[in-house]
Number of protein chains: 2
Amino acid sequence: MARKHSAADAPLRLDNQICFAVYSAAHAFNRVYKPLLDRLGLTYPQYLVMLVLWERDDVPVKEIGERLFLDSGTLTPLLKRLEAAHLVKRTRSREDERQVLISLTPQGQALKEKARAVPQSILAASNCSVSELVAMKDEIVALRDRLNAVIEE
Amino acid sequence: MARKHSAADAPLRLDNQICFAVYSAAHAFNRVYKPLLDRLGLTYPQYLVMLVLWERDDVPVKEIGERLFLDSGTLTPLLKRLEAAHLVKRTRSREDERQVLISLTPQGQALKEKARAVPQSILAASNCSVSELVAMKDEIVALRDRLNAVIEE
DNA sequence: TCACATTTAATTGTTCGCAATTGAATCTGC
DNA sequence: GCAGATTCAATTGCGAACAATTAAATGTGA
């Protein structure tokens with residue numbers, strides 16, 4: 001019987017950790033996205049914010065945070081960088097002065113067309129069928145939501 | 001037919017992105033781990049380094065980086081923090097003075113016993129069977145490796 | 001109305017993560 | 001043996017990520 005380690009250590013072995021699989025896959029995605037997003041002048045988290053805004057414009061920071069699971073400590077400086085790049089505008093809501101609404105500039109809207117090439121390249125890099133990816137995505141989202149549910153308690 | 005958006009936009013919709021599923025799941029894991037690792041005095045990436053060292057001691061920085069897909073820019077300061085916490089020692093290899101070998105202190109070894117509680121808690125939080133998690137882990141690792149293969153070229 | 005709680009962004013400080021560069025040690029071919 | 005290439009860790013600079021706090025606006029109950 002080939003036994004590299006004691007069985008009691010199995011739960012602590014790196015290659016048995018699903019969290020490390022997810023963690024390292026996220027970094028791998030980041031590295032594949034990097035050259036694609038460089039052409040758009042975006043980082044990956046900035047790209048996610050743009051995806052939100054391309055779906056619906058004029059969104060409060062709070063709502064962007066809820067969709068991406070990020071807080072203002074991350075979003076405020078990120079949005080300022082997008083503003084400095086002339087892709088979004090930040091304006092205080094007139095109805096509720098606490099809210100800052102994020103809206104696309106014409107350049108921000110135009111970038112959407114250039115971005116359409118990105119998902120195709122990612123699909124190619126994944127070397128996977130669309131249906132496989134969709135199935136995996138649904139499983140991962142379900143796991144994520146269960147984890148987030150535990151945190152809420 | 002309920003159609004919230006144009007079909008041409010589907011590839012750009014946030015909820016259709018497997019990368020976002022992975023990205024947000026990684027953050028969800030991080031948040032679940034946080035209170036558990038706080039008790040050990042570790043951050044999540046520090047925990048990963050300790051997992052590597054608990055499997056095999058006296059490992060060069062390079063090899064830790066290969067296992068975790070991290071480079072020296074990330075690892076050097078992280079390892080210095082682990083050293084400051086008296087969990088590891090950093091010593092130049094005598095055979096090859098370029099290498100820095102990382103070894104566990106007695107405290108670092110002792111922490112392994114406290115860490116055994118962590119995977120159990122994560123399993124409970126995931127609300128999943130072990131076999132489901134293993135299957136998902138294998139799929140995600142396979143995807144990660146395909147992505148990394150694309151980067152290598 | 002008015003004290004008090006809640007909501008929303010912004011700010012501060014710490015830790016990752018990586019690209020790019022540096023400097024020292026080692027290897028290679030000649 | 002030695003010049004040039006390679007390897008390895010450290011460093012620098014920038015952009016996340018998040019906890020904790022702050023400040024302003026809004027909501028609520030007596």
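Just so it is clear: chains get the letters A, B, ... in the order the sequence lines come, proteins before strands, and each one is counted from 1. The basis for the numbers below is simple: all heavy atoms, side chains too, and nothing from hydrogens, waters or symmetry mates.
Taking atom CG of residue B:L37 and atom P of nucleotide D:dA19, one finds them 13 Å apart after rounding to whole Å. Distance A:I102 CD1 to C:dT8 P: 14 Å, rounded to the nearest Å. Across the protein-nucleic acid pair, A:D38 atom CG and D:dC14 atom C1' stand 13 Å apart, rounded to whole Å.
Annotation: salt bridge (Lys or Arg N to Asp or Glu O under 4.0 Å) contacts of B:D57 (sequence neighbours excluded): none. Listed by chain and residue number, nothing satisfies the salt bridge (Lys or Arg N to Asp or Glu O under 4.0 Å) test with A:K137 (two or more places apart in sequence, or in another chain).
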Using a 4.0 Å heavy-atom cut-off, write out nucleotides 9-19 of chain C from 5' to 3' as B (base contacted by protein), S (sugar-phosphate only) or - (no contact).
BBB---SSBBB
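With ring centers used as reference points, A:Y23 lies 6.0 Å or more from B:F69.
In this structure, the side chain of A:N16 does not engage the main chain of A:P11 through any donor-acceptor pair within 3.5 Å.
Electrostatic pairing of B:R67 and A:D15 counts as a salt bridge here, judged by a charged N lying under 4.0 Å from a carboxylate O.
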